[in-house]
Visitor: 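Submitted below is the structure of interest, expressed as structure tokens.
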Amino acid sequence: MAPGRVSPEPAVEPSTQRSLASVTDQYDDTLRFYLNGTKVILDTADPEVTLLEYLRGVGLTGTKLGCAEGGCGACTVVVSQYNPTTKEIYHASVNACLAPLVSVDGKHVITVEGIGSVKKPHPSQERIAKGNGSQCGFCTPGIVMSLYALLRNNDEPSEHQVEEAFDGNLCRCTGYRPILDAAQSFSAERGCGMAKVNGGSGCCKENGTNGTTGCCQTNGSDDDSQPIKRFTPPGFIEYKPDTELIFPPALKRHEFKPLAFGNKRKRWFRPVTLQQLLEIKSVYPSAKIIGGSTETQIEVKFKFMQYTASVFVGDIAELRQYRFEDDYLEIGGNVTLTDLESLAERAVEHYGQKRGQPFAAILKQIRYFAGRQIRNVGTPAGNLATASPISDLNPVFVATNAILVAKSLDETTEIPMNEFFQGYRLTALPPDGIIASIRIPVFGEQGEYLRAYKQAKRKDDDIAIVNAALRVKLHDDNVVENCSLVYGGMAPITISAKNAVAYLEGKKFADPKTLEGVMNALEQDFDLRFGVPGGMAQFRRSLALGFFYRFYHEILQELNPPDSHIDEECIAEIQREISKGRKDHASAVAYEKRVIGKEQPHVAALKQCTGEAQYTDDIPVQRNELYGCLLLSTKAHARIVSVDTAPALDIPGVVDYVDHRDLPNAKANWWGAPNCDETFFAVDEVFTTGQPIGMILATDAKKAEAGMRAVRVKYEELPAIFTIEEAIAADSYFDHFHYINNGDVEKALKESDHVFTGVSRMGGQEHFYLETNACVVVPKPEDGEIEVFSSTQNPSETQAYVAAVTGVAANKVVTRVKRLGGGFGGKETRSIQLAAICATAANKVKRPVRCMLNRDEDILTSGQRHPFLARWKVGVNKDGKLQALDADVFNNAGWSQDLSAAVVDRALSHIDGCYNIPNVHVRGRICKTNTVSNTAFRGFGGPQGMWIAESMMEETADHLQMPVEKLREINMYKPHESTHFRQELKDWFVPLMWKQVKEEADYDRRKQEIAAFNAKSKWKKRGLSLIPTKFGISFTAIFLNQAGALVHIYHDGSVLVAHGGTEMGQGLHTKMTMIAAEALGVSQEDVHISETKTDTVANTSSTAASASSDLNGYAIWNACAQLNERLAPYREKLGHDVTMKQIAHAAYFDRVNLSANGFYKTPDIGYVWGPNTGQMFYYFTQGVAAAEVEIDTLTGDWTCRRADLKMDVGRSINPAIDYGQVEGAFIQGLGLFTMEESLWHRASGQLFTRGPGTYKIPGFRDIPQEMNISLLKDVNWENLRTIQRSRGVGEPPLFLGSAVFFAIRDALKAARKQWGVEDVLTLRSPATVERIRVSCADPLIKRSEVKAEEGEKSFFISI
């Protein structure tokens, strides 16, 4: 359980205790609610726990902690309640990590365990599991509950409602497509038995008959014909809404009593009438008002705010009412945003399109406002009171001249919204006042116009970079009577563009000079400096101008005055269609065996969907267990002057402090592979923010964090280096220098027709596995033995370092891994740090120690994908044939080496992409900086090397004025040619797949259509790209290419398999059980893998490099072959139709060993750096992808319209698993190359992007609108000597996500060409909305340019 915080101050100031007591002395102190149908009464509720902490504390661990800020949805539960706004029962999906326990009084809490189990799953659980919608499974319970909430509120949702149901959930594994496909089986369209997608002749909606010939959604027609039955996909449980958990009848009669409960540190008050609330505020004005707790819980958790007295107002019915008046709609301050959404829809219908424009604007903004879980509890009053400068609703309230009605015990005050915001997070609300309601004016029938806009890093569930609500009121002659131009994200408050307003009023709207005048005025209003807080100065200014430009022409179009020039093309914003996709499920049919080769769901998928799958922090609390909280450096580079732990140790419940002095010797503090250059605990100096200094131990997580906050560390700051460029300038490198030199580069460059140079720059990527690093260490009473439960990809290295820090031999340490909630390389080495520190602590106190990192702690300590910079020079002839490549490649290692050397080495080996370059000399260096130590991440340098290659190809093609796909085709490797590291390409099918994808994606026709679209479209541009990949499979460290396995056959014929790989969602255990079942001739159900343990299979390699199926699969096959050899006489004797139970029984009584230890090592490999000899990889996994995008050049917004992928995975062991890996890797690659950007705060040197609020991974609505995937088939893999002749698939597809990046670049070329800019575009990765916009070269972006003053630097550092 991740730590929270404890406040040492009394819950209520003594001066107000008596008066507050007099107001609340009759309040009840008992919470009453239902949990999964069972009544719960709490008369000693802990006021400091969230709903999530309570649920996990009572053993309902299916609900997960992913971020603690309501941004990932892993903690989603359903809270069923009577809604005082709609007067109906509503089943609200909510973030349990934010919900205070007081908020569920009188309600029914439903968790993933409450709706089904493995033995009897709910249809939503079953369909996601069988539809391959769960890989690591950590996010799955939250996704299941979001779907469950949708179905409880609407048992026949539309496709659009299904698509939007998950806007508050994130998944890092699946790529979302299989989840959506499973969920769409419940939609009204696909739930129709006659729908074409279900094999029917067509639903009435599809055929346009609209139910005239019978409809599945009616109860019969005039002639009493039977309704068409809802379609249930074959093999699935039928969804029957009438069998759901009922809303407990007792809750319908529940009397909401005012509540008051708490302890010395914290007290909660829950008034149930407005009068009670006002009485509390009158005697205690500083009491914190809590509605949805969406902002407050984040303040408590991450900003360490102390709210000792909190008042929950979510159950005051008076604050959740509304009134439709003739000239305004009045909404209660505490109407939820979900209810406001439906009220806005009703208001547009009630008042009409013209008069209802304010509500259309509200509706537009709400639909992209956070996720559904936040909208279900968030309120307008909360939005207003927190005074966020980037709130999406506040500009609309200000622009419409809404009136805020504030109430205190003595008076009611009406505050115009344009006077409400007075400073950063400061408002005009009286100290003892509350926001009772908001009156939103209705527009007149003619002459008034309003539009709202927003641009964020990601379309759904993201805070705005800039938003706006723009309104004009015109006289009959189109002269502006008055206007409001209100922006968020341009100042510390929601602000009016005063100069622009002053200019616009009194002007003739349709006069072209008016537009130019407003633009000039906006430039004055928003004269941002280069180093403005929040950064992105030019982009933000361009959005302010772009929003008004769009607004001006949209209103002009509506007015349609004579002789006006309307830029109609700028008006429409990018809209997504319902996403779809298809897979070739027949791709492996020809290679199917009895078990292997068939599509099977992940073996743990159903457990994951029902919340029964156990992760590290789900392990029950051990007796005498302590919780650890890391004390982390807050400086990028500094000497530690002193560490004062006395204040922490004085806190009740804090037991001890652990640091480097508690290790058996100084050497034990050093770790790292392959170079021991990093310390578990900082000693005298820190080299990055987030470096561990020590660990506080306490009796619970909150006390541990409180203790950590109380430790006082004094620093003496030292100069710090952050970027690769800074490291190069300072000559700051680690001692590693590898190169590949093939041919005579210098000679080839001299003889080439052209020599082009370039610099390619690529950012890193946060792993963002949904389960943060977690560890439970249990010391044993004898011989120094210790047991380590860790979410690690590397059990054996964990074992080795735990042995070192506890001073025992490795045979006394057992590392156990049941499963990981995602890893992607981030838990290959970095997980060892936490395990070793916890082990040091457990060894010191001789008690079990548990620690699960917060999301921000995890990001601060775990490292990222390496940022890269390459300076290249390429020689090419006029015909496009590449002659030579010379490149210096640098990666940013951070403060220690970790695996950086191997990462840069793999980049060097992949820098050829799929192209035959006869002469290559590439050199790799590792930059030493003061950032977090970067580490392995899916692809491990391969994507960076190939991205450099493709960037070089793109720019070279532009120099040559040649289509880039032609340049790629000219230079593409042919079968049996050799790479620059002299490895022959066997079973080489990239050219074949390139041809197939071009044909299947209709590439050439679409290329022409896009050119025609771009020629006529001014502000929208489309781009298309076709990208190949080859990825070498093997660890580059030769000794790691080995694996062991242990197979037991028991009396009853069941089989237990253990191997060295860990299950982290990639389906490794699924494939291994299939291999064992195939080898032993039993069913897959008879084979079980319990966990990965270092005392069953020793000396394992980390689960990485896409080689785990190859290595462990053959080790299992080897063990099974031994067993088959021993059992062959019994099969011969008893007959081949006999069961394994009979065979094992007979063999046992003949004293035959029914256990076997298997082993495998990869043959043939052994590359030598320098001489450039030996085979580097066992084989290459290959693929090709085409992607099409559309960008909005006015805002930088974009969407991927379509993606077509084809992968060569050989003869697939399990196509369902492989498709999941391809989908997930592609979307992770899409994130890497387009939206995931890590930023450091320059002033403090601290990482800024620490969670889902600031770091954006792709969401459900960021995937391609159409995504088609197939696996290569009908070829002969002559040289592939792997298990089943399959290829590793985990990492290789990730680079194909770059097809989206290069499609964006293609679109940007068209955008720039329109404005006469045709120089070669160097586009840095990721291609964020900001980079897209500032690359467009139009007049608006040029007039938005912000130049740095002398010595001025940017607010953020992009590493």
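Being a predicted model, the structure only gives us computed values, none of them experimental. Along the sequence shown, the residues carry numbers beginning at 1.
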Visitor: Does CD in E577 sit with more than 12 non-hydrogen atoms of other residues, nucleotides or ligands closer than 6.0 Å?
Guide: no
Visitor: Salt bridge check: are R1005 and D1002 linked by an N-O gap of less than 4.0 Å?
Guide: yes
Visitor: How are the rings of F1301 and W947 set relative to one another: parallel (under 30°), tilted (30 to 60°) or perpendicular (over 60°)?
Guide: perpendicular
Visitor: Could you walk me through whether T174 and E1223 pass the side-chain hydrogen bond (donor to acceptor under 3.5 Å, both in side chains) test, one step at a time?
Guide: CA-CA 6 Å; T174 63; E1223 288 169 318; over 6 Å; no
Visitor: Should S1286 and S1212 count as side-chain neighbours, where that means a heavy-atom distance under 4.5 Å?
Guide: no
Visitor: Assess the residue pair E766 and F937 against the criterion (side chain to side chain contact (heavy atoms under 4.5 Å, CB included)); give the C-alpha distance rounded to whole Å, side-chain angles, the decisive distance to 0.1 Å, and a yes or no.
Guide: CA-CA 9 Å; E766 164 56 34; F937 195 149; 5.8 Å; no
Visitor: May I ask you to say whether E1318 pairs ionically with K1309, meaning some side-chain N is under 4.0 Å from a carboxylate O?
Guide: no
Visitor: Measuring only between side-chain heavy atoms, which start at C-beta, is D460 closer than 4.5 Å to F1260?
Guide: no
Visitor: Should R1261 and D462 count as an ion pair when the cut-off is N to O under 4.0 Å?
Guide: no
Visitor: Is the closest side-chain heavy-atom distance between N916 and M972 below 4.5 Å?
Guide: no
Visitor: Report the C-alpha separation of Q765 and E1237 in whole Å, then their side-chain angles, then the decisive distance to 0.1 Å, and conclude whether the side-chain hydrogen bond (donor to acceptor under 3.5 Å, both in side chains) test is met.
Guide: CA-CA 7 Å; Q765 185 180 26; E1237 183 178 32; over 6 Å; no
Visitor: Is there a side-chain contact between S1270 and L1205 in this structure, where contact means two heavy atoms from C-beta onward sitting under 4.5 Å apart?
Guide: no
Visitor: Between E1000 and K1206, is there a salt bridge with N-O shorter than 4.0 Å?
Guide: yes
Visitor: With the threshold set at 4.0 Å, does a side-chain nitrogen-carboxylate oxygen contact exist between R1287 and D1110?
Guide: no
Visitor: Is it true that E954 and R968 make a salt bridge, defined as a side-chain N closer than 4.0 Å to a carboxylate O?
Guide: yes
Visitor: Short question: side chain of E999, backbone of Q996 - any donor-acceptor pair under 3.5 Å?
Guide: no
Visitor: I'd like to check T1029 versus S1298 (side-chain heavy atoms, cut-off strictly below 4.5 Å). Are they in contact?
Guide: no
Visitor: Between D1192 and R1333, does at least one N-O distance fall below 4.0 Å, as a salt bridge requires?
Guide: no
Visitor: Does T1199 reach the side chain of Q1265, with side-chain heavy atoms less than 4.5 Å apart?
Guide: yes
Visitor: Is the terminal nitrogen or CZ of K459 (NZ for Lys, CZ for Arg) located under 6.0 angstrom from the six-membered ring centre of Y368 and within 45° of that ring's axis?
Guide: yes
Visitor: Ignoring hydrogens and geometry, is there a side-chain-to-backbone donor-acceptor pair from E1266 to K580 under 3.5 Å?
Guide: no
Visitor: Can you check whether M953's main-chain N or O pairs, donor with acceptor, with T956's side chain at less than 3.5 Å?
Guide: no
Visitor: For the rings on F756 and H959, is their centre-to-centre separation under 6.0 Å?
Guide: yes
Visitor: Keeping W988 on the side-chain end and Y973 on the backbone end, is there a donor-acceptor pair under 3.5 Å?
Guide: yes
Visitor: Between E984 and K986, is there a donor-acceptor pair closer than 3.5 Å when you use the side chain of the first and the backbone of the second?
Guide: no
Visitor: State whether F1013 and R1022 meet the cation-pi test: NZ (Lys) or CZ (Arg) under 6.0 Å from the six-membered ring centroid, and within 45° of the perpendicular axis.
Guide: yes
Visitor: Look at R1305 together with D958 and state whether they make a salt bridge at an N to O cut-off of under 4.0 Å.
Guide: yes
Visitor: F824 versus C173: any side-chain heavy-atom pair under 4.5 Å?
Guide: yes
Visitor: Decide salt bridge (charged side-chain N to carboxylate O under 4.0 Å, His left out) for R576 and D1262; before the verdict, give the C-alpha distance in whole Å, the side-chain angles of both, and the deciding distance to 0.1 Å.
Guide: CA-CA 9 Å; R576 282 179 60 92; D1262 297 306; over 6 Å; no
Visitor: Any sub-3.5 Å donor-acceptor pair from K1020's side-chain atoms to A572's backbone N or O?
Guide: yes
Visitor: Pair E969, K998 - check salt bridge (charged side-chain N to carboxylate O under 4.0 Å, His left out), show working.
Guide: CA-CA 12 Å; E969 288 169 356; K998 278 188 83 171; 3.1 Å; yes
Visitor: Under a 4.0 Å N-O cut-off, is there an ion pair linking E1236 with R865?
Guide: no
Visitor: Do we get R938 above F1295's six-membered ring, with its NZ or CZ under 6.0 Å from the centre and within 45° of the axis?
Guide: no
Visitor: So, does E164 use its side chain to make a donor-acceptor pair with the main chain of V162 at under 3.5 Å?
Guide: no
Visitor: What do you reckon, is NZ of K873 surrounded by more than 12 foreign heavy atoms closer than 6.0 Å?
Guide: no
Visitor: Is a side-chain donor-acceptor pair under 3.5 Å present for S760 with W872?
Guide: yes
Visitor: Output, in order, the C-alpha distance, side-chain angles, deciding distance and verdict of side-chain hydrogen bond (donor to acceptor under 3.5 Å, both in side chains) for E569 and S1017.
Guide: CA-CA 7 Å; E569 208 281 320; S1017 176; 2.7 Å; yes
Visitor: Okay, side chain of T1195, backbone of D1197: is any donor-acceptor separation there less than 3.5 Å?
Guide: yes
Visitor: When you compare the side chain of D584 with that of L1271, does any pair of heavy atoms fall below 4.5 Å?
Guide: no
Visitor: Assess the residue pair F1177 and F1180 against the criterion (ring-ring contact (aromatic ring centres under 6.0 Å, His included)); give the C-alpha distance rounded to whole Å, side-chain angles, the decisive distance to 0.1 Å, and a yes or no.
Guide: CA-CA 7 Å; F1177 301 113; F1180 298 93; 5.7 Å; yes
Visitor: Does R1006 pair with D1204 as a salt bridge, N-O distance under 4.0 Å?
Guide: yes
Visitor: Go through the steps to decide whether E163 and I578 satisfy the test side chain to side chain contact (heavy atoms under 4.5 Å, CB included), and finish with yes or no.
Guide: CA-CA 7 Å; E163 185 102 346; I578 303 297; 3.8 Å; yes
Visitor: Counting only N and O atoms by type, is there a donor-acceptor contact under 3.5 Å from the side chain of Q1066 to the main-chain atoms of M1064?
Guide: yes
Visitor: Assess whether side chain to side chain contact (heavy atoms under 4.5 Å, CB included) is satisfied between F1233 and I1304, documenting all intermediate values.
Guide: CA-CA 10 Å; F1233 293 111; I1304 289 171; over 6 Å; no
Visitor: H602 vs Q135, test: side-chain hydrogen bond (donor to acceptor under 3.5 Å, both in side chains). Steps then yes/no.
Guide: CA-CA 7 Å; H602 193 292; Q135 289 188 21; over 6 Å; no
Visitor: Report yes or no: does Y176 contribute a side-chain atom to a donor-acceptor pair with the main-chain N or O of P1258 at less than 3.5 Å?
Guide: yes
